[in-house]
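Single-structure report; data block below.
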Number of protein chains: 2
Amino acid sequence: MNKKIKDKYELHAQVLKALSHSTRLFIVNELARNEKCVCELQELIEDDISTISKHLSILKQAGIIEDRKEGLRVYYRLRLKCLPMFLSCVENIIIEKTKMQFELLNLSSKQ
Amino acid sequence: MNKKIKDKYELHAQVLKALSHSTRLFIVNELARNEKCVCELQELIEDDISTISKHLSILKQAGIIEDRKEGLRVYYRLRLKCLPMFLSCVENIIIEKTKMQFELLNLSSKQ
DNA sequence: TGGCTATTTTGCTATTATATCAAGTAGTCA
DNA sequence: TGACTACTTGATATAATAGCAAAATAGCCA
């Protein structure tokens, strides 16, 4: 694979990597509804706040979310509007995969 | 975050993790056009064949691709038809992000 | 059967990602 | 100014992943 092509896919992989974590997916889904401050996310997730802050910085640096400051609070919102559609595609993958496993089970029980 | 929700996002994260690698994204894009055997992919990628085989098994186990055997060769194809759409969404993220960085550069040079 | 080709699996080391705690920054308000 | 709240960053220990090479498996054909 030539370097130019590899670099292009490297960029794509970085975005996907940023989304490859259950907490970060949860965050993205929450922010798809409306913006939230770190403290609101912390209440929902119940992890150490520094862990959540770090997840947010990973999403931000990937260009997936952006922030704005209001007094003491930092509000985050989704930058990528096509993300919910994209996640429903992932949902399809999971459903398909589960079906496949189910069919496999059926086949093996018939033997 | 309650366990049920966490588990759901964990499943999604696994699919995204499988896609979070430049070689695997390349593979998926190649297979989006038509099925290919491992040896054909190896020619294009030029990595150790055992490395490519491992990438393929990661994509397969995530439900993203499937395989069929023909003689000595194993042909892989895309299982997830919505994937190209989904990747164009990632492309948008990258374009947006690049624009943002460009604007930042412009702003700072005006000072 | 034995030798050949295509692919997968295993064992290994190096690299990268994650979680946590402690310390640091930034904005508010008395 | 100093205490307080909301958040970020740094250090570090632990866990997951990548890539290579050697060994194993599977199908073909003489």
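Naming: A, B, ... by sequence-line order, numbering from 1 per chain. Source: prediction; values computed, not measured.
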Legend entry - Distance (rounded to the nearest 0.5 Å) between Ile52(A) CD1 and Glu43(A) CD: 10.5 Å

Legend entry - Those residues that, when tested against Ile5(B), pass side chain to side chain contact (heavy atoms under 4.5 Å, CB included) (two or more places apart): Phe26(A), Met1(B), Asn2(B), Tyr9(B)

Inset, instruction - For Cys89(B) and Leu83(A), work out which heavy atoms get closest and say how close. - result: SG-N, 4.1 Å

Legend entry - Arg24(B) side, atom CZ; Leu16(A) side, atom CG - distance, nearest 0.5 Å: 10.5 Å

Inset, instruction - Walking along DNA chain C from 5' to 3', note the first and the last nucleotide with an atom under 4.0 Å from a heavy atom of chain A, and give both. - result: dA17(C) to dT28(C)

Legend entry - salt bridge (charged side-chain N to carboxylate O under 4.0 Å, His left out) involving Glu70(B) - partner list, sequence neighbours excluded: Arg68(B)

Inset, instruction - With a 4.0 angstrom cut-off to heavy atoms of chain A, pull out the first and last contacting nucleotide of DNA chain D, in 5'-to-3' order. - result: dT5(D) to dA11(D)

Inset, instruction - Mind listing the residues from residues 59-75 of chain A sitting with a heavy atom below 4.0 Å of DNA chain C? Number order is fine. - result: Lys69(A), Gly71(A), Leu72(A)

Legend entry - Shared-cluster residues of Met85(A), by chain and number - hydrophobic side chains joined below 4.5 Å: Met85(B)

Inset, instruction - Just jot down the ring pair (Phe, Tyr, Trp, His ring centres under 6.0 Å) partners of His21(A), sequence neighbours excluded, or say none. - result: His55(A)

Legend entry - By salt bridge (charged side-chain N to carboxylate O under 4.0 Å, His left out) - contacts of Asp47(A) (at least two apart): none

Inset, instruction - With rounding to the nearest 0.5 Å, note down the distance linking CG in Leu56(A) to CD1 in Ile65(A). - result: 4.5 Å

Inset, instruction - Sequence neighbours left out, what passes salt bridge (charged side-chain N to carboxylate O under 4.0 Å, His left out) with Lys81(B)? Give chain and number order. - result: none

Inset, instruction - Check every strand shown and say whether Ser50(A) touches a base, only sugar-phosphate, or nothing at a heavy-atom separation below 4.0 Å. - result: base

Legend entry - Reported CG-to-NZ distance for the pair Leu72(A) and Lys69(A), which is rounded to 0.5 angstrom: 7.5 Å

Legend entry - Of residues 2-23 of chain A, the positions that come close to DNA chain C - non-hydrogen atoms, cut-off under 4.0 Å: Lys17(A), His21(A)

Inset, instruction - Please work out which residues in residues 32-44 of chain B have a non-hydrogen atom less than 4.0 Å from an atom of DNA chain C and list them by number. - result: Cys37(B), Val38(B), Cys39(B)

Legend entry - Any Tyr76(B) side-chain heavy atom under 4.5 Å of Leu59(B) side chain: no

Inset, instruction - I would like to know whether Ile27(B) and Ile45(B) meet side-chain contact (heavy atoms from CB on, under 4.5 Å); could you show each step before the answer? - result: CA-CA 9 Å; Ile27(B) 290 172; Ile45(B) 298 166; 3.7 Å; yes

Legend entry - Presence of salt bridge, Glu66(A) and Arg77(A), under 4.0 angstrom: yes

Legend entry - Counterpart residues, salt bridge (charged side-chain N to carboxylate O under 4.0 Å, His left out), relative to Lys54(A) (two or more places apart): none

